[in-house]
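Below: the structure, in structure tokens.
First listed ligand is number 1; within each ligand, the first listed atom is number 1. Predicted, not measured: the structure shown is a model, and the values here were computed from it.
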Amino acid sequence: MRPIKATISLGAMAHNLRVARSHAGTARVFAVVKANAYGHGLSRARRALAAADGFAVLTLEEAANLRLMGVEQPILLLEGLFGADEIATCAELDLWPVLHQAGQLDWLERAPPARPLHVFLKFDSGMHRLGMPLSEHAAIVERARHLPGVADLTLMTHFAQADEPAGVDWQLQPFLRELGVYGLPWSSANSAALLRHPQSSGAWVRPGLMLYGGSPFADLTAAQLGLKPAMTLQSEIIGVQTLQSGEGAGYGLLFRAERPMRVGVVACGYADGYPRHAPTGTPVQVDGRMSRTLGRVSMDMLCVDLDGLPEVGIGSPVMLWGAGVPVDAVAAAAGTVSYELMCALAARVPVVEIE
Ligand SMILES: *Cc1c(COP(=O)(O)O)cnc(C)c1O
């Protein structure tokens, strides 16, 4: 059998949820499990994160699956309704949709559900992605409050720079100043805001990445944040080459040896979810020792430096990311974020679940 595998730790996710809770104060915690729980598997995440106060997903299918799995906590639909036809299911399954554009209020008005819904009214406080204009809050809140299909209202916004020095206050303060008059519960914090900006916690926080052991910050590692990696990607050396000075390895011979050296070929490539743009020098652990990738990542293989590792050979274990190799470090080397690497774990990689 091809030696690649991903190990998903339920215990790490449960631990990271406790870390999230320790930052949340009195706020309740939605565990964000969209995108197949950031690649970790919806069912696994549900079991590992059973202590969450609620779950947040993107689609009706994900929400319905969670209900089938026995989830009784509130379920938030982060982008709300994609059509009026989704209203009935929301009522049936007691899902909480986000309403981020006026058309969604129109749908509710025209076809009110049998059972009125708890809705999250989303305002744009400066990110300019989803959300209704903060300047129009009076008319919007008034309208939402009187819709027969609406039972409860929570106010919501999302931050553009919670992980950056600019922070959240330039968005949060106007949001609270404008909307504070209503005395309604509110929700704003993703992982970065929850970890670094406690004033943003409100009634509900919405951490995703941190639950899986990723750091949202460029300047702080997950370990420094007290988080444990939930996903480990491992494989083995399946070939060893000896290069002479000047010889290259991999497509384009992008890496060239400056002196005679041994190169290990690992059974892991971009079709497994390893980033193709990871350059020479991306960290990797070979037989428990730090090394680096060499040259271009292929579809099913990549090369690693065996210089100084004479005992390593075919069958030696390689950790692509996990406890010894932070997924954030691999992502940074490849010019992306750990979110993308976790979500991209390919279906062909066998998953081993551990406690
Ligand atoms: C995905 C998402 C989150 C979670 O963000 P993380 O950075 O992964 O913590 C929170 N809120 C909304 C609206 C989202 O779409």
Side-chain angles (χ1 to χ4, degrees), residues 12-13 16-17 19-24 27-40 42 45 48-49 52-60 62-63 66 74-82 95-101 104 119-132 154-164 167-168 171-172 175 185-198 200-218 220 222 225-227 229-231 327-328 331 336-344:
M13 284 189 252
N16 296 333
L17 176 62
V19 175
R21 203 176 276 294
S22 76
H23 286 270
R28 288 188 284 169
V29 180
F30 277 120
V32 179
V33 294
K34 61 187 172 186
N36 196 30
Y38 293 47
H40 295 69
L42 186 62
L49 304 171
D53 301 299
F55 290 89
V57 296
L58 212 59
T59 67
L60 217 53
E62 292 166 316
L66 285 174
I75 297 178
L76 183 67
L77 294 170
L78 287 164
E79 292 181 4
L81 310 164
F82 294 101
L95 311 179
W96 298 2
V98 169
L99 305 181
H100 62 81
Q101 55 106 348
Q104 294 169 320
V119 305
F120 276 50
L121 212 50
K122 184 168 186 175
F123 287 94
D124 171 35
S125 58
M127 184 167 179
H128 297 122
R129 199 177 56 178
L130 290 185
M132 292 176 276
T154 297
L155 305 172
M156 173 179 172
T157 195
H158 195 63
F159 300 124
Q161 294 180 300
D163 57 327
E164 296 175 13
V168 302
Q171 289 183 258
L172 181 63
F175 174 82
W186 53 276
S187 171
S188 70
N190 58 2
S191 295
L194 174 60
L195 288 164
R196 197 170 261 179
H197 307 289
S200 69
S201 284
W204 284 95
V205 293
R206 313 186 302 267
L209 184 71
M210 68 176 293
L211 302 178
Y212 309 103
S215 168
F217 308 112
L220 269 182
L225 295 165
L227 302 171
M231 182 190 290
V327 62
D328 296 301
T336 184
V337 288
S338 54
Y339 297 82
E340 191 180 4
L341 302 197
M342 293 175 181
C343 292

Tell me which protein heavy atom sits closest to atom 5 (O) of ligand 1, plus the residue, atom name and distance to 0.1 Å. Asn190 CB, 3.5 Å
Just jot down the ligand 1 atoms closer than 4.0 angstrom to any heavy atom of Leu209, in number order. 6 (P), 8 (O), 9 (O)
Ser215 side chain to Leu220 backbone, donor-acceptor under 3.5 Å: yes
Checking the N or O distance criterion of under 3.5 Å, is ligand 1 in contact with Val32? no
Would one find an N or O of Tyr339, backbone or side chain, under 3.5 Å from an N or O of ligand 1? yes
Nearest 0.5 Å please: distance from the CG atom of Asp53 over to the CZ atom of Phe30. 8.5 Å
Which atoms of ligand 1 sit under 4.0 Å from any heavy atom of Pro207? 9 (O)
Write down the atom of Met127, the atom of Ala160, and the distance for their closest heavy-atom approach. CG-CB, 3.7 Å
Test of understanding: given a 4.0 Å heavy-atom threshold, classify the contact between Lys34 and ligand 1 as side chain, backbone, both, or neither. side chain
If we set the cut-off at 4.0 Å for heavy atoms, which region of Arg206 has an atom near ligand 1: side chain, backbone, both, or neither? both
With a heavy-atom distance limit of 4.0 Å, tell me whether Ser191 approaches ligand 1 through its side chain, its backbone, both, or neither. both
For the CG atom of Leu78 and the CH2 atom of Trp96, what is their distance to the nearest 0.5 Å? 13.0 Å
Test your reading of the model: is there a side-chain donor-acceptor pair from Gln104 to the backbone of Gln101, 3.5 Å cut-off? yes
Please report which non-hydrogen protein atom sits nearest to atom 8 (O) of ligand 1, along with the residue it belongs to and the distance in Å to one decimal place. Tyr38 OH, 2.6 Å
Shortest non-hydrogen separation from Ala45 to Phe55 and the atoms involved: O-CE2, 4.4 Å
Would a distance-only check, ignoring hydrogens and angles, find a side-chain to backbone donor-acceptor pair under 3.5 Å from His197 to Ala162? yes
Close approach, Pro216 and ligand 1, non-hydrogen under 4.0 angstrom: no
Surrounding CD of Glu340 (heavy atoms of other residues, nucleotides or ligands, distance under 6.0 Å), is the total greater than 12? no
What I want to know is whether Met156 and ligand 1 share at least one N or O pair that is separated by under 3.5 angstrom. no
Identity and distance of the protein heavy atom lying nearest atom 12 (C) of ligand 1: His158 CE1, 3.5 Å
